[in-house]
Structures are given as structure tokens and as C-alpha cells.
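Reading through the C-alpha cells given below for one structure.
Letters A, B, ... are given to chains in the order of the sequence lines, protein chains preceding strands, and every chain is numbered from 1. Keep in mind it's a predicted model, so treat the numbers as computed, not measured.
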Amino acid sequence: MTKLKTLRGMNDLLPEQTAHWQEVEDLFRHHFSRAGIGEIRTPLMETTDLFFRGIGELTDVVGKEMYTFFDRGNRSCTLRPEGTAAVVRSVLQNGLLSQGPKRFWYGGPMFRYERPQAGRLRQFHQIGVEFFGLPTARDDAELIALAWDIFSALKLKDLNLELNTLGTSEDRERYRSELIKWLEKKYDFLDKDSQERVYKNPLRILDSKDSKTQQLLNDAPCLYDSLSESSKNRFLDLQKILNTLEIPFQINKRLVRGLDYYCQTAFEITTDQLGSQKTICGGGRYDGLVQELGGSSTPSVGWAVGMERLMILLNEQNLYQKKDSPDVYFINQGISAEPEALSLTRKLRTAGLNVELDSSASSFSKQFKKANKSNAKWALIIGEEEFSAGEVRIKKLKFDGEDFKERNISKIEISKLISILKSY
RNA sequence: GCGGGCGUCGCCAAGUGGUUAAGGCAGCGGCUUGUGGCGCCGCUAUUCGGGGGUUCGAAUCCCCUCGCUCGCCCCA
């Protein structure tokens, strides 16, 4: 029989990992709730059309990375490859923008059919934020600061905030045709990948890894030069505000985000500790998207964090908290004592204690060994002797200064027991 | 989708054509039927990701396939 296993690029998260994930997710939630940002949960699956219209048919994500299939009603369905399009859809469908600007966050699995690598899976997880109806550079700065503060709270080191502006869609279009004209003249000197992108995605060529192409590009028209005055000023404003907030950044003129909807501000938070999957947070402004999906013109801005990459980086920088050990390890043996131990365990757990109940029914000596390994502070022991006496034995497993004499406590005095267990 | 590396027990790993596939960790049992952290003893892969081939003989060589990994593309 062949072994059953996960699909390629889709991993289980096991208890040791989920504990870390939860800590990190809690931190995100905490920051969001302090900023008055509500969570929005959309289905994992949407009509294919949403992503065609939202992300852009010519992007790689839509063109070759989507999990698309027909359901029994012959509808074309797609597992969401990113979060923004669905959030916009939801916000419109539910009329959430009728009362002015709104901020939302979302999280969960996304799906892209790509060749897996470290930090790039077919099912991966993002947490993202979207601001709607907030048009200014100050709004951009608030959004960026939110991400920056979360990473700071995680104590992440050596992060770079890279910043660029793409201008308005008119600026971008003007530059695009100018760049294509220039690239056509240099076509024969470009590397193969870049040649293919001349018409498909010329801005991406600016980011080519080919050194000859890069040299050539030194003379290429610059996006910044074709920006309108107001776009330029907007970008300068943003930089000024970030300086005021004391958030360090560097301008990366080659930063061109891949999805069609971006305009004006584009940014990434990167690290050089993750190999080629170096972006842990990417985002930008998408003023045209809401209208594109059928709403009224609503300037919007957002970012998304790649959870897997973030978790790898936290691990790399040794920022995981050590896992909690139980307060109590409950040693128990005997036909009457075992149910009694379970009963007491329930009461102690209800009182807020972390209790690990031994279920091996093996010798006391074995159970003590396990108690030690569990790293619990206390051992409770109940065997037939204690059961008959209506008592439970309490013993301290760790020496942390205070001396505690092993003793028996009557079960009637449960509150006393609880207060002892909680007192160290 | 393209190119490089890899795949031996739950984990880490030795073995690179020849009788029973080292070792460590973890697990289980015992020394010690009710008191631990140390120590000692024992047990745990008919099988080397899967399939086919070469050979008297394969974990070791060849082919295919699956998966992981690194880089490219792209992106979080």
C-alpha cells in the first residue's frame, strides 16, 4: 500500500509549531485591535473572474499559478492566491464602505501552484491589512508603521524597509510606453527573460538579475522622471513623515510590485537571512481596484505578511519563546485512584492550572521519570493508599529557592491545594 | 515551468557491489511491584522514498517516478 501524504507544497503544522504561530498571531491581533482594525474572513474559494479582474490576467499569479477548477455546477472556481481581491469583493458585497473610510485585516491560507522552496509553498499563509478610503501619504505612513511596529514588537533585527513610488496609473502608463520604446531599440542586447517581458511586463525588467541587462539599464528612462509633480510631492511627503516617525527606509527605484493593481506607494520589508525569498511583508497602494471590481472610486492601501517566512526568520533569530511546561504532573495508579485523579485534574484545570495527567498506569518510578521530563513544577500523587485516606500527596519537583516539605493534603481542602500550587 | 544537490528506523546518522544494514537521541521493558532527575542491562529497520533494470549477488551501478532542498522565474 502506498503511503498517504500531503500534496506537494502543502505542509502540516504540528503542535510545537502551532504554539509559536499562535503567539505570533496573537501579537498581530493585539496590534490590530489597538488600532481599531476589524477582522474580515472571506471564503478560501472565489469565482475565477474575481482574480482575473482584480489581479490582472497577464500577471504570473493569474496566468500560471492559480488552482482553478470547475465545480459540479460548472462554475469556474479558484482557490484564493492572495487576499486583497476577496476583501475588496466582500467589502463591496456587504456595503461596508458606505460610511466612510474603513480599516480591515484578514489572515489565512492562500494557494499558488508554484515550485516549492523554503519560504514558498503551494499552500501558504498571509496576514494582511487593507485601508479603504484613505488617500494621503499620512495614511500610507500609518499603514507602514503598523507593520514596522509589529516586527519591532517581535524583536526582529536587520529588516529593511524598501520604498518606491509608481505614480498614478497615468504616470505609469506614460512611463510604460516610453520604456517599451527604449527597450525595443536595445532588444538584441537584453537577456532572454527580459526579452520576453518587453511587452508583457516591461517594468519588471528593471529588476532583472542579469548583470549585462542591468548595465544597459543605466541609460534607460527613469520612472521617477515621468512622474507628475503631484506624484513626486506625494512621495516626498511620505518620506518626510517616515522620518518624523523615525522609521528608517531606503529608496529602491527598482521595486516594482508584480500585481497590476498597485500605484503610487510600493514597499517591501525584506531581510537578507532568507535566501531568495527575502520579502516578509509587501504592499502598496491600489487606488483603482475598488472601482475595477464594481465599486465607486476608493483610494486604498494595504500590505500582506508571509507567515511562513516570518516564522522561519523568527526561528533563525532565535526569537521563539520556550514552550510552557505544566504546573502540575499528576502521578496516579490504581483502580479507584485513577478516576479520582481525573476528577481532581478537572477541578485544578478549572481553577486555571496547567495539569498533565499521567495515563500510563505504569510504576510510580516510571511516572516520576516522566514527571521530571515534563518539567512540571509540582507532582501530585494519588495511589490506593491516598485514595483510601481521602488525600492527595503533593511534592515539589523543582528547587527554586523555597523549601517545600512533601505532604498529604485532604481532598476536602481543595482550595488550600490550589493556593499552594499557584503560590510558586 | 527551467537548472544544481539530496532521499538509510519517529529524529540525527555510518555504510559507496558480497554472509545477520553500525552508532547516537527519543520510545518501551528491567535492575528498583509506591517515589524521580544519574547509572547499568535488554528490546525496537527481513529493509535502505517508490517502481523497473543490470548482476551469481545492490542501500550501494543504470533508467523512470515521487518528494525535499538550493538557484532562476515570480511573489508573501
Which listed nucleotide (B:U35, B:A26, B:A76) is nearest to the side chain of A:K373?
B:A26

Nearest whole angstrom, please: distance from the P of B:A76 to the CD1 of A:I144.
15 Å

Which is more 5' along RNA chain B, the nucleotide nearest A:Q333 or the one nearest A:A371? Just name the residue.
A:Q333

Using atom NZ of A:K395 as one end and atom C1' of B:G34 as the other, report the distance to the nearest whole Å.
11 Å

A:Y113 side chain: which of B:G1, B:A76, B:C70 is closest?
B:G1

Describe the nucleic acid contact of A:G283 in one word from base, sugar-phosphate, nothing, applying a heavy-atom distance below 4.0 Å.
nothing

Could you list all N or O pairs between the protein and nucleotides 3-8 of chain B that sit under 3.5 Å apart?
from : atom 1 : to     : atom 2 : distance (Å)
B:G3 : O6     : A:R115 : NH2    : 3.0

Between A:R103 and A:E142, is the closest basic N to carboxylate O distance under 4.0 Å?
yes

Residue A:F364, side-chain atoms from C-beta onward, closest of B:C72, B:G34, B:G39:
B:G34

With a 3.5 Å cut-off and just heavy-atom distances, do the side chain of A:E65 and the base of B:G1 make a donor-acceptor pair?
no

Choosing from B:U32, B:C68, B:G30, which nucleotide comes nearest the side chain of A:K366?
B:G30

Residues that A:E316 engages under side-chain hydrogen bond (donor to acceptor under 3.5 Å, both in side chains), provided they are two or more places apart
none

If you look at every strand shown and take non-hydrogen atoms under 4.0 Å, does A:Q367 touch a base, only sugar-phosphate, or nothing?
nothing

With ring centroids as reference points, do A:F28 and A:W105 lie under 6.0 angstrom apart?
no

Of all the choices, B:G1, B:U35, B:A76, which nucleotide is nearest to the side chain of A:Y262 once you look at every atom?
B:A76

If stacking means aromatic ring centre less than 5.5 angstrom from the base's six-membered ring centre, planes under 30°, is A:F368 stacked on B:G37?
no

Closest to side chain of A:E386, choosing from B:C72, B:G29, B:U35
B:U35

Please state how far atom CG in A:L380 lies from atom P in B:U35, giving the value in whole angstrom units.
18 Å

Check every strand shown and say whether A:A118 touches a base, only sugar-phosphate, or nothing at a heavy-atom separation below 4.0 Å.
sugar-phosphate

Checking the side chain of A:T279 only, and the main-chain atoms of A:G282 only, is there a donor and an acceptor separated by less than 3.5 Å?
no

Rounded to the nearest angstrom, tell me the gap between atom CG in A:L14 and atom P in B:C11.
11 Å

Non-hydrogen side-chain atoms of A:Y261 and A:E292 separated by less than 4.5 Å
no

Residue set satisfying salt bridge (Lys or Arg N to Asp or Glu O under 4.0 Å) with A:E268, at least two apart, ordered chain then number -> A:R257

A:S363 side chain: which of B:A76, B:U33, B:G37 is closest?
B:U33

Got a salt bridge between A:E39 and A:R41, using NZ or NE/NH1/NH2 to carboxylate O under 4.0 Å?
yes

Among B:C68, B:G37, B:G71, the one nearest any side-chain atom of A:Q117 is B:G71

Nearest-nucleotide wise, let me know which of A:N408 and A:H125 is further upstream toward the 5' end of RNA chain B.
A:N408

With a cut-off of under 6.0 Å to the ring centre and 45° to the axis, is A:R80 in cation-pi contact with A:F111?
no

Any idea which of B:A76, B:G39, B:G71 is nearest the A:Q277 side chain?
B:G71

According to a strict under-4.0 Å criterion, is A:S365 in side-chain N/O contact with OP1 or OP2 of B:U35?
no

